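Worksheet: the structure to be examined is printed underneath.
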Amino acid sequence: MDAVMPVYINPYTDFGFKKLFGEEGNKDLLIDFLNQLLPERHQISSLEFKNVEALPGLPEERKAFFDIHCKSVGGETFIVEMQKAKVKYFKDRALFYSMIPIRDQAHRGGEWNFQLEPVYFIAILDFLYDEKEELAKFRRDISLKDQDCEDFFDKLHFRFLQMPAFKLKENELVTHFDKWCYFLKNLESFAEIPNILREPIFEKAFQTARVANFTPAQRDAYEQSIMDYIGIREVAVTAKEEGKIEGKIEGKIEGIIEGKIAGIIERDTQLVIRFHKRGKSAEEISETLDIDILQVQSIIEEYDRRNGDTK
């Protein structure tokens, strides 16, 4: 029995994010999106991706980021550092990673006067780093200012988009930026292109994100990316927010659970069934979702019994 795959990808997965914004053939999508976040003087005319080797000791964390070297319409060069993954100590990491493109501008050998190109750190987040409701702003534009809130240094900027805090409905979209945010937040749930997004740039984005257009190898890579995404995010979120798991979440990796699961909640049951339909073994499902193997087998057996599956 085949699973019903959503029509479009999840843009927060590693595969989905890079498919939309990290391929040479889709630079126009990235430019159009970034220009909604950048000031007029730094509207992008061209860009190139920087091949960044993993930092020593931080290979997995570094996958969440990539550098984009840009040239403005006026000819000025600047750097955009993008992030899409959920990480611990988010603000600390944002500051740390924004220092890398600054450091890399140092001239090795010869004279250098320390003049820097501007750096923008842009994060598209599917989680709230400000978890208190009153602090959960959808968009934050941050720069260095003095005690009178006047600009002190105009070459380091942060743009944080907390996508769960974006609440606009289709009939409330006004700007091109609104449309991009609506597209990103709801992409995986769309069955077809909404009328308000029937513009050439979004039609290309939808075409790029359409799962049916993937090769078998790309589909396999995407499914693995989905499993990684869910294993890291969904189980940890369920454990923390719904409190229906016995044991404790260990601090090293948020999704690892101590003890046995006293009862699988409906959300986890659906995840197990979803991967079972894809042909994943009970062992693979257990390892990915951090659910006890006996619980996984019990869910699979009950599902097969109710659906008359004798495999």
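Along the sequence shown, residues are numbered consecutively beginning with 1. These figures come from a predicted structure and were not determined experimentally.
- Side-chain contact between Glu203 and Gln207: absent, with no pair of heavy atoms (C-beta onward) separated by less than 4.5 Å.
- Environment of CD in Glu172: crowded, with over 12 heavy atoms of neighbouring residues, nucleotides or ligands closer than 6.0 Å.
- Between Tyr8 and Phe206, the two ring planes are perpendicular [angle over 60°; tilted spans 30° to 60°].
- With hydrogens and angles ignored, the 3.5 Å screen pairs no side-chain donor or acceptor of Ser46 with any backbone N or O of Lys71.
- Between Arg41 and Asp154, the closest heavy-atom pair is NH2-OD2, 2.8 Å.
- Looking at residues two or more places apart in sequence or on another chain, you find a side-chain contact (heavy atoms from CB on, under 4.5 Å) between Leu116 and Ile102, Gln105, Trp112, Phe153, Lys155.
- If you take CD on Glu284 and CZ on Phe275, they are separated by 10.5 Å, rounding to the nearest 0.5 Å.
- Considering only heavy atoms from C-beta on, Ile299 stays 4.5 Å or farther from Ile285 through its side chain.
- Shortest non-hydrogen contact noted between Ile201 and Trp180 is CG1-CZ2, 4.2 Å.
- For the pair His42 and Pro39, the minimum side-chain heavy-atom distance is below 4.5 Å.
- Note: Cys181 SG to Leu173 CG = 9.5 Å, rounded to the nearest 0.5 Å.
- The OG atom of Ser143 sits 9.5 Å away from atom OH of Tyr120, with the distance rounded to the nearest 0.5 Å.
- Side-chain heavy atoms closer than 4.5 Å link hydrophobic residues (I, L, V, M, F, W, Y) into clusters, and following such links, possibly through other members, connects Ile196 to Phe166.
- Separating the CD1 atom in Ile9 from the CZ atom in Arg210 is a distance of 12.5 Å, to the nearest 0.5 Å.
- Between Phe190 and Tyr182, the ring-plane angle classifies as tilted under the 30° and 60° cut-offs.
- Side-chain contact between Asp32 and Gln36: present, with at least one pair of heavy atoms (C-beta onward) separated by less than 4.5 Å.
- In this structure, Leu197 and Lys179 have side chains that are in contact, with non-hydrogen atoms separated by less than 4.5 Å.
- Surrounding NZ of Lys137 are at most 12 heavy atoms belonging to other residues, nucleotides or ligands under 6.0 Å away.
- Listed by chain and number, the residues in a side-chain hydrogen bond (donor to acceptor under 3.5 Å, both in side chains) with Ser189 amount to none (sequence neighbours excluded).
- Side-chain atoms of Asn10 never come within 3.5 Å of backbone atoms of Glu188 as a donor-acceptor pair (strictly under, hydrogens ignored).
- The main-chain N or O of Gln43 is never found under 3.5 Å from a side-chain atom of Ser72 such that the two would form a donor-acceptor pair.
- Of the possible polar contacts, none joining the Asp148 side chain to the Glu150 backbone as a donor-acceptor pair under 3.5 Å is found.
- Rounded to the nearest 0.5 angstrom, Phe152 CZ and Asp146 CG are separated by 8.5 Å.
- Classification of the His276-Tyr303 ring pair by plane angle, with boundaries at 30° and 60°, yields perpendicular.
- Heavy atoms only, all atoms of each residue included: Ile300 and Ala282 are closest at CD1-CB, 4.0 Å.
- Using a 4.5 Å cut-off on side-chain heavy atoms (C-beta onward), Leu184 and Phe21 make contact.
- A ring-centre distance under 6.0 Å is found for Phe214 and Phe15.
- With hydrogens and angles disregarded, no donor-acceptor distance shorter than 3.5 Å links the side chain of Gln162 to the backbone of Leu128.
- Cluster annotation: Leu37 and Val174 are assigned to distinct hydrophobic clusters (Ile/Leu/Val/Met/Phe/Trp/Tyr, side-chain heavy-atom contacts under 4.5 Å, transitive).
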Verdict with reasoning, Gln297 to Ile293, per side chain to side chain contact (heavy atoms under 4.5 Å, CB included): CA-CA 6 Å; Gln297 291 171 339; Ile293 185 65; 3.8 Å; yes

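- The distance from atom CZ of Arg274 to atom CD1 of Ile226, rounded to the nearest 0.5 Å, is 5.5 Å.
- Side-chain contact between Phe138 and Leu161: present, with at least one pair of heavy atoms (C-beta onward) separated by less than 4.5 Å.
- Between Phe183 and Phe202, the angle of the ring planes lies from 30° to 60°, which puts this pair in the tilted group.
- When all heavy atoms of Leu20 and Ala205 are compared, the closest pair comes out as CD2-O, 3.8 Å.
- A chain of hydrophobic side-chain contacts below 4.5 Å, direct or via other Ile, Leu, Val, Met, Phe, Trp or Tyr residues, connects Leu187 to Met163.
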Side-chain donor-acceptor pairs of residues 22-30 under 3.5 Å, sequence neighbours excluded:
{"unit_1": "Glu24", "atom_1": "OE1", "unit_2": "Lys27", "atom_2": "NZ", "d": "2.9"}
{"unit_1": "Asn26", "atom_1": "ND2", "unit_2": "Lys19", "atom_2": "O", "d": "2.8"}
{"unit_1": "Lys27", "atom_1": "NZ", "unit_2": "Leu47", "atom_2": "O", "d": "3.0"}
{"unit_1": "Asp28", "atom_1": "OD1", "unit_2": "Lys204", "atom_2": "NZ", "d": "2.9"}
{"unit_1": "Asp28", "atom_1": "OD2", "unit_2": "Lys204", "atom_2": "NZ", "d": "3.1"}

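- Smallest separation of non-hydrogen atoms from Pro6 and Val211: O-CG2, 3.6 Å.
- A continuous path of Ile, Leu, Val, Met, Phe, Trp and Tyr side chains, each step under 4.5 Å between heavy atoms, connects Ile193 with Leu168, placing both in one hydrophobic cluster.
- Side-chain contact between Ser98 and Leu156: present, with at least one pair of heavy atoms (C-beta onward) separated by less than 4.5 Å.
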Residue pair Arg305, Glu301: steps toward the salt bridge (charged side-chain N to carboxylate O under 4.0 Å, His left out) verdict: CA-CA 6 Å; Arg305 183 185 66 78; Glu301 290 171 2; over 6 Å; no

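- In the hydrophobic clustering of ILVMFWY residues, with side-chain heavy atoms under 4.5 Å counting as a link, Leu38 and Val73 come out apart.
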